[in-house]
There are 2 protein chains.
Amino acid sequence: MTIFVQGAPAERAHILLEGRVRILQTDEDGAQVVMRFVGRGQTFGTMGLFTDHLYPAHAIAVTNGTEISWSEANLLDLMARHPQIGLNLVHVIGARLRETEDRLRELATQRVERRIAHTLLRLAAQAGKAGHNGTEIDFPLSRKDLAEMCGATLHTVSRTLTAWEKQGAVRTSQQRITIPDIAEIQKRCEEERA
Amino acid sequence: MTIFVQGAPAERAHILLEGRVRILQTDEDGAQVVMRFVGRGQTFGTMGLFTDHLYPAHAIAVTNGTEISWSEANLLDLMARHPQIGLNLVHVIGARLRETEDRLRELATQRVERRIAHTLLRLAAQAGKAGHNGTEIDFPLSRKDLAEMCGATLHTVSRTLTAWEKQGAVRTSQQRITIPDIAEIQKRCEEERA
DNA sequence: CGTAAAGTTGACATACGTCAATTTCAGTGG
DNA sequence: CCACTGAAATTGACGTATGTCAACTTTACG
């Protein structure tokens, strides 16, 4: 289940071929933050190779899957011979940086409800499976996961989601979330002030 | 004073030769977040070139300075011919991503006081000028700046700093902050609770 | 069908923001 | 050199969003 743990020597770059992997960081005093969910075709664990050679987070498979990995030497060699690879990497990391900055801004300036809404939108975009009655997040996602993604407690997330469910903005069963109408959630991201 | 504004087409990559530049993002509803202060020798405004070709933030000089910039074509050409440049870029962006993730984690899990302490530590590391009676942040930094760096209001920052000043942990005059003893601030980053 | 994990819900506490009034300071012009 | 101005900073009173604590219910699964 655990692919690598935070703080371990980072020797390989990974690519996920199938499944979902949760990347989460742990604080000195145990608080957890989910950085992202890796989907198929995405790299993970590569950042360590370019900084202090330690994995900066835990990687935990949330659904069965397959991954391949390269040794660092391999990757560097590849990059030296194909400049395009370096450029691609810059693209990928750049996108990640952008997303992280977005989340930082949200956390610094917005209230929980809006942050939860944003988080759902991002998840829907990255892992949404369009279905008959809405967009379903295609992997098990607990209230706790969601809370740790947007800097809230699972209690607040639970209260918020039940409220939204009553209003028909989401449908949930254990670890499953479906969004009948994305626009409805989008509205909750734009609300000036509750 | 303004070098580029958020949302403008990003056509050039910049390097700061001298001075300080504040990088800040503005929210749809006007809230501001300071992403970082650029020091001499650091690049800025490069991320736009690798994503949507729009500057993701404002760049505002806070002290007089000089900068040089490259056109995108120039940079790409350079990267194609010298793979090492791409690798360096990955290093730099990687470090930025790490720092942003750190701040995200702080914002999601820690109280203001600790965040302010962390912010000061980072500033001291990046812009600290060692002096006779401590480390001084070498550029003008208002309470508002500090607040926008750590997701607080300037009021809270002001109250906190006056408290710390009474305890001798910092010394301040207008827009100037000196830290007599870094270790003292470090302690405030580690406090378990309260 | 029993146990553990996930989720819900209520009562209560509080850290921090909001609002508002003053004070201090740096720079400018007479 | 002093008075004036606007920006920065301080400080108090007060409100509230959201965390904390705790009890309970539901669901999944062996």
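Each chain gets a letter, A, B and so on, in the order the sequences are listed, and its residues count up from 1. All values below come from the heavy atoms of this structure, side chains included, with hydrogens, waters and symmetry mates left out.
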TODO: Provide the full list of side-chain hydrogen bond (donor to acceptor under 3.5 Å, both in side chains) pairs with a residue in residues 167-180 of chain A, sequence neighbours left out, each pair given once.
DONE: A:Arg143-A:Thr172, A:Glu165-A:Thr172, A:Gln167-A:Arg188

Open item on the list: So if I define the base as every atom that isn't primed, P, OP1 or OP2, how would nucleotides 25-30 of chain D read as a B/S/- string at a heavy-atom cutoff under 4.0 Å?
Closed with: --SS--

- [ ] Describe, as an angle rounded to 10 degrees, how the axis at the first end of the helix from C:dC1-D:dG30 to C:dG30-D:dC1 is tilted relative to the axis at the last end, five pairs per end.
- [x] 40°

Task: Partners meeting side-chain hydrogen bond (donor to acceptor under 3.5 Å, both in side chains) with A:Thr153 (sequence neighbours left out) - done: A:Thr156

Task: Any residue of residues 134-152 of chain A with a heavy atom less than 4.0 Å from an atom of DNA chain C - done: A:Ser142, A:Arg143

- [ ] Scan for salt bridge (Lys or Arg N to Asp or Glu O under 4.0 Å) pairs involving residues 33-43 of chain A, sequence neighbours excluded, and state none if there are none.
- [x] A:Glu18-A:Arg40

TODO: With sequence neighbours excluded, give me every ring pair (Phe, Tyr, Trp, His ring centres under 6.0 Å) pair touching residues 128-147 of chain A.
DONE: A:Phe37-A:Phe139

Open item on the list: Is it true that A:His58 and A:Thr2 share a donor-acceptor pair across their side chains at a distance under 3.5 Å?
Closed with: no

TODO: State, yes or no, whether a side-chain contact exists between B:Cys189 and B:Leu121 at a heavy-atom distance under 4.5 Å.
DONE: yes

Task: d(CD, B:Gln110; P, C:dC16) in whole Å - done: 11 Å

Task: Flag for A:Gln126-A:Glu99: side-chain donor and acceptor within less than 3.5 Å - done: yes

Just the table, please: protein N/O against nucleotides 11-13 of chain D N/O, every pair under 3.5 Å.
from   : atom 1 : to       : atom 2 : distance (Å)
D:dT11 : O4     : B:His155 : ND1    : 3.0
D:dG12 : N7     : B:Arg159 : NH1    : 3.0
D:dG12 : O6     : B:Arg159 : NH2    : 3.4

Open item on the list: If the condition is side-chain hydrogen bond (donor to acceptor under 3.5 Å, both in side chains), which residues does B:Gln25 pass it with, not counting sequence neighbours?
Closed with: A:Glu101, A:Arg105

TODO: Kindly compute the distance separating CG (A:Asp145) from CD1 (A:Ile137), expressed to the nearest 0.5 Å.
DONE: 11.5 Å

Task: CG on A:Leu120 to CZ on A:Arg115, rounded to 0.5 Å - done: 13.0 Å

Open item on the list: Once salt bridge (charged side-chain N to carboxylate O under 4.0 Å, His left out) is applied, do any residues pair with A:Lys129, and if so which ones, sequence neighbours excluded?
Closed with: none

Open item on the list: Looking only at the side chain of A:Arg111 (C-beta and beyond, no hydrogens), which of the listed nucleotides C:dC16, D:dA17, C:dG7 gets closest?
Closed with: D:dA17

TODO: Figure out the CG/P separation between A:Leu107 and C:dC16, and round it to whole Å.
DONE: 13 Å

Task: Residues forming a side-chain hydrogen bond (donor to acceptor under 3.5 Å, both in side chains) with A:Gln186, sequence neighbours excluded - done: none

Open item on the list: Checking one residue: B:Ile3. Which other hydrophobic residues are in its cluster under the side-chain 4.5 Å linking rule?
Closed with: A:Ile3, A:Phe4, A:Leu16, A:Val21, A:Ile23, A:Val33, A:Met35, A:Val38, A:Phe44, A:Tyr55, A:Leu104, A:Leu107, B:Phe4, B:Leu16, B:Val21, B:Ile23, B:Val33, B:Met35, B:Val38, B:Phe44, B:Tyr55, B:Leu104, B:Leu107

Open item on the list: Expressed as a whole number of angstroms, how long is the span from B:Arg176:CZ to C:dA26:C1'?
Closed with: 13 Å

